[in-house]
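Taking it in order: structure first as structure tokens, then the write-up.
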Amino acid sequence: MDIRIGVYICHCGKNIASTVNVDELREFASRLPNVIVARDYIYMCSSVGQDLIRKDIEELGVNRVVVAACSPTMHLETFRRVLEEAGLNKYLLEMANIREKCSWVHTDPKKATEKAKRIVSMAVKKVSSVEPLQEIRRRIHKKVLIIGGGVAGIHAAIELAKAGYHVTIVEKMPTIGGKMMFFDKTFPTLDCAQCILSPRISEVTKLENVRIFTNSEVVEVTGGPGDFNVRILRKPRYVDEMKCVACGNCAEKCPVSVPNEWWFGLGERKAIYIPFPQAYPNSYVIDPDACLRLRLRRDVCGLCMQACDRNAINFDMKEEFTEDRFGAIIIAIGGEPFEPSKIGEYGYGEFKNVITGIQFEVLTNVSGPTKGEILCPKTGRKPKTLVFIQCVGFRNENFNRYCCRTGCMASIKHAILAKEKLGDVDIYICAPEVRAFGKGYEEFYKRAREEGIKFIRGLPSELKEEEDGTLIVEVYDPISDKILNIKADLVVLSTGLQASENHRNLSEILKVPRSPDGFILEKHPKLDPAATPIAGIFVAGVAQGPKDIPDSISHAEAAAARVMSFLAKDELELEPFKAEINNELCSKCLICMHTCPFNAISIAETDSEVKLIVDEVICTGCGVCASSCPTGAITIPNILPKQIMLEVEAALEVSI
Amino acid sequence: MLGTELKKLISWIQPEVCFGCNKCVSGCPVAEIHNEYRPNRIVRLAYLGFVDELIESGVIWYCTQCLKCSERCPMEVYPASVIVALRNIASKRGMTHEAWVKMAKNVSIYGKILPDMGVMSKDRKLLKREDLGLVAPAISRDLIRRLFKESKLPIDIGE
């Protein structure tokens, strides 16, 4: 059958047409070999534009298509669908990117048009040599892995489980609940954090198709979309969660006290402890780094075992590994609070009455060290003057460049709570700007002003401590044009969440890219915010970027919906561009095995021969193996060396 | 907006990224005593093109160059460096503050801003270097003058 190519040039409104001379390009394209028709249209991706292609395939017998428009990441799938609908194999299409690679980056119309001609002729050459291909189909495992059991992970799990999918939550800490469990009240409604989260925790734990692994970590992930093979490390708790009734007798007897990480250093806990009374599983846990028996010898201490009348404590528990296969993964690992001791001028860590926002949260929490009373850590007295400093470690070139998105509202909430609990108290919030962008947030900000909380549009430059622990806050108030000297009993540094070590580790394990701020990169910030660029892996909540509770939950539910549509099909269609190894040419040097970034190549040994095989699910068709193979045994369909040479010839206007 | 003259001197900083957190004002030892002196206001006026007004007002000469504002700025705007650049522009126009001219003259004579003043002994006698058997610092006035000339310091130090 002869090759009959149709070339379709898009103006992209003015995006392409303002720099590239579209008429000249169309004339040029129509004279290229095998091209039987060349057309241009203002928006080729619109239904009218698509119809042009469809009609030519049906009426003129066009059997290869070149669309000269934007990047293939934008509309490759759109035009492939057009070919399919017109009854043509969808891999007989080439996109010539004359927008991102030409009109957007050049200003000289003459040179840009010349370049566009080269790009189009490359695509025409290439499309004349491509073969029809069939996509690879894989069965999808209808199970979901959610990494992280915070408010985002829990909500995604509930939605997915209700839709009938089997869900596994892997949580690193000994309890699910995440950062929200530290909170006393939530803004802007001031409803109790426990009262809104605890019922959700209870709901998720009662769902039959949800499995929760606490104290566990994902250590290895192989396979690909639809079929991830995941290895989960389950660290020992040393307490049998089925037997423990959380009576607390063990902790009373435990002789070891260490700083309580759940109280951010504002109090201590024992080596055997429960993070908070509402923890799930509602069971004590032994910290192996603190426990004498686990650190020293098997015959020391053991007081907790004697105290436990239910024989729940078992020091013989070992690390276990669980392996399972999942169709999709949701990353919901949250973030970590910024540690402001790096900012010398505010003296955090040195001045005891300087605390962070999350420590203030612990102070107001009834299950915290002060039973909900706001007391200065140094003096143990109730503060008379409170100063909040915003944007600490955020919107800062030296630390985190982004806005923490929670600090303003958190400090307003703290100030209102402090006013409520302390009564006669002078409160200042020093903020360059107050960002009250959510529903009901501006009203909440107004309520704070009505309650007499003073907002100062400036940041203090440094804090000075007097002997009695009082802090001198010198801050410029631009409205009165005065530099104020505030004697504060307690200074709260408002910090937000940043990406943690977990983001780095997990991005390496899952091969998911991160954005420059360290958070997990979404596929598209507007159009696909809950998916990652890796098929089958999704992201929910703060793992993708800082969010408050309403945003985290919306994002988690979006991720759950994306997973549902991904898993709704029984089979996954994979691009057919997978490495193929010609084992007759292969010298078994194994260079490809070591260069493959995805570990897709493995050795298959039978009695008669040794072969290298490619896992088609894992292979992304990146071509690293093909270019590193010394014998040229590896090829990728439709990206053959001779096809690349054809494109080079067209680009250089020569014959090689 | 930023005049080309100023932009050339501070090409390595971006005064335009200031979002007005006022941290530079809060810590400034000069702003505490001079109401008209605000580091970020100087940066802002320079950015909006009010270079002539700034130079004429004389406010740029108040800065002690303690560099606190530059150190603490979350946006790395370096107000102290903007002020130095403005002082250089003023000097090129022959509008150096008289105190600076005096300092420069002292440097040309003594090799430093202040001449040797000696020290007061316990019995309240003023002792000079020679009295203590210290060698007088070797100052080559010719060399200093040459340095002044070579460095193209835009201050007239006289003969």
Side-chain angles (χ1 to χ4, degrees), chain A residues 338 340 342-348 387-404 407-408 428-435 454-464 471-486 488 491 493-496, chain B residues 2 10-48 50 53-54 57-60 62-84:
Chain A
F338 175 76
K342 291 169 234 163
I343 300 179
E345 60 260 35
Y346 291 150
Y348 177 78
V387 174
F388 290 87
I389 303 176
Q390 299 306 113
C391 305
V392 176
F394 292 85
R395 306 176 71 204
N396 189 316
E397 293 296 298
N398 297 311
F399 303 100
N400 295 307
R401 289 179 141 187
Y402 53 89
C403 166
C404 76
C408 288
Y428 295 86
I429 296 183
C430 303
E433 281 132 332
V434 172
R435 296 188 166 175
K454 300 182 192 81
F455 288 83
I456 294 176
R457 203 158 295 168
L459 291 176
S461 175
E462 66 191 319
L463 302 178
K464 292 187 192 98
L471 297 149
I472 308 293
V473 185
E474 208 179 287
V475 59
Y476 173 64
D477 173 46
I479 302 175
S480 62
D481 194 22
K482 288 268 183 289
I483 294 176
L484 309 177
N485 271 294
I486 307 164
V491 170
L493 307 180
S494 176
T495 62
Chain B
L2 203 63
I10 50 165
S11 58
W12 53 284
I13 51 182
Q14 287 180 287
E16 51 272 30
V17 298
C18 170
F19 60 73
C21 75
N22 290 309
K23 205 174 175 184
C24 51
V25 189
S26 295
C28 178
V30 181
E32 219 175 322
I33 46 174
H34 284 298
N35 271 341
E36 67 271 40
Y37 182 84
R38 306 281 180 247
N40 58 0
R41 191 185 294 162
I42 294 178
V43 171
R44 185 75 179 170
L45 285 168
Y47 171 44
L48 295 177
F50 296 101
E53 287 84 343
L54 274 171
S57 76
V59 76
I60 52 171
Y62 293 6
C63 172
T64 64
Q65 290 288 311
C66 74
L67 305 184
K68 234 175 173 181
C69 53
S70 296
E71 173 74 27
R72 305 269 161 82
C73 176
M75 286 290 122
E76 299 185 339
V77 168
Y78 300 105
S81 304
V82 177
I83 290 163
V84 170

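Naming convention: chains lettered A, B, ... in sequence-line order (proteins, then strands); numbering from 1 in each chain.
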Inset, instruction - Under 4.5 Å, counting heavy-atom pairs only, tell me which of B:E71, B:R38, B:E76 racks up the most with chain A. - result: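 Answer, by heavy-atom pair count under 4.5 Å with chain A: B:R38.
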Inset, instruction - May I ask you to list the residues in residues 455-462 of chain A that approach chain B closer than 4.5 angstrom, counting heavy atoms only, ordered by number? - result: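 At a heavy-atom separation under 4.5 Å, chain B is reached by A:R457, A:G458, A:L459, A:P460, A:S461, A:E462.
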Legend entry - Those residues that, when tested against A:K454, pass salt bridge (Lys or Arg N to Asp or Glu O under 4.0 Å) (two or more places apart):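 For A:K454 the salt bridge (Lys or Arg N to Asp or Glu O under 4.0 Å) partners, ignoring immediate neighbours, are A:D426.
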Legend entry - Results of salt bridge (Lys or Arg N to Asp or Glu O under 4.0 Å) for A:K482 - residues two or more places apart only: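 Per chain and number, A:K482 pairs via salt bridge (Lys or Arg N to Asp or Glu O under 4.0 Å) with no residue.
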Inset, instruction - Identify which part of A:Q390 has an atom lying under 4.5 Å from any heavy atom of chain B, answering side chain, backbone, both or neither. - result: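 Nothing of A:Q390, per the 4.5 Å heavy-atom cut-off to chain B.
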Legend entry - From B:F19 atom CZ to A:R395 atom CZ, the distance as rounded to the nearest 0.5 Å: 4.0 Å
Legend entry - Separation between CD of B:E32 and CG of A:N485, rounded to the nearest 0.5 Å: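 Those atoms lie 6.5 Å apart.
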Legend entry - Test applied, side chain to side chain contact (heavy atoms under 4.5 Å, CB included); reference residue, B:P74; option that passes from A:V392, A:I343, A:N396: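 Single pass found, and it is A:N396.
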Legend entry - Partners meeting ring-ring contact (aromatic ring centres under 6.0 Å, His included) with A:F394 (sequence neighbours left out): A:F338, A:Y402
Where is the tightest heavy-atom contact between [X] and [Y], given as atom of each residue plus distance?
X      : Y      : result
B:V25  : A:I483 : O-CD1, 3.7 Å
A:Y476 : B:S26  : N-OG, 2.9 Å
B:N35  : A:D481 : O-OD2, 4.0 Å

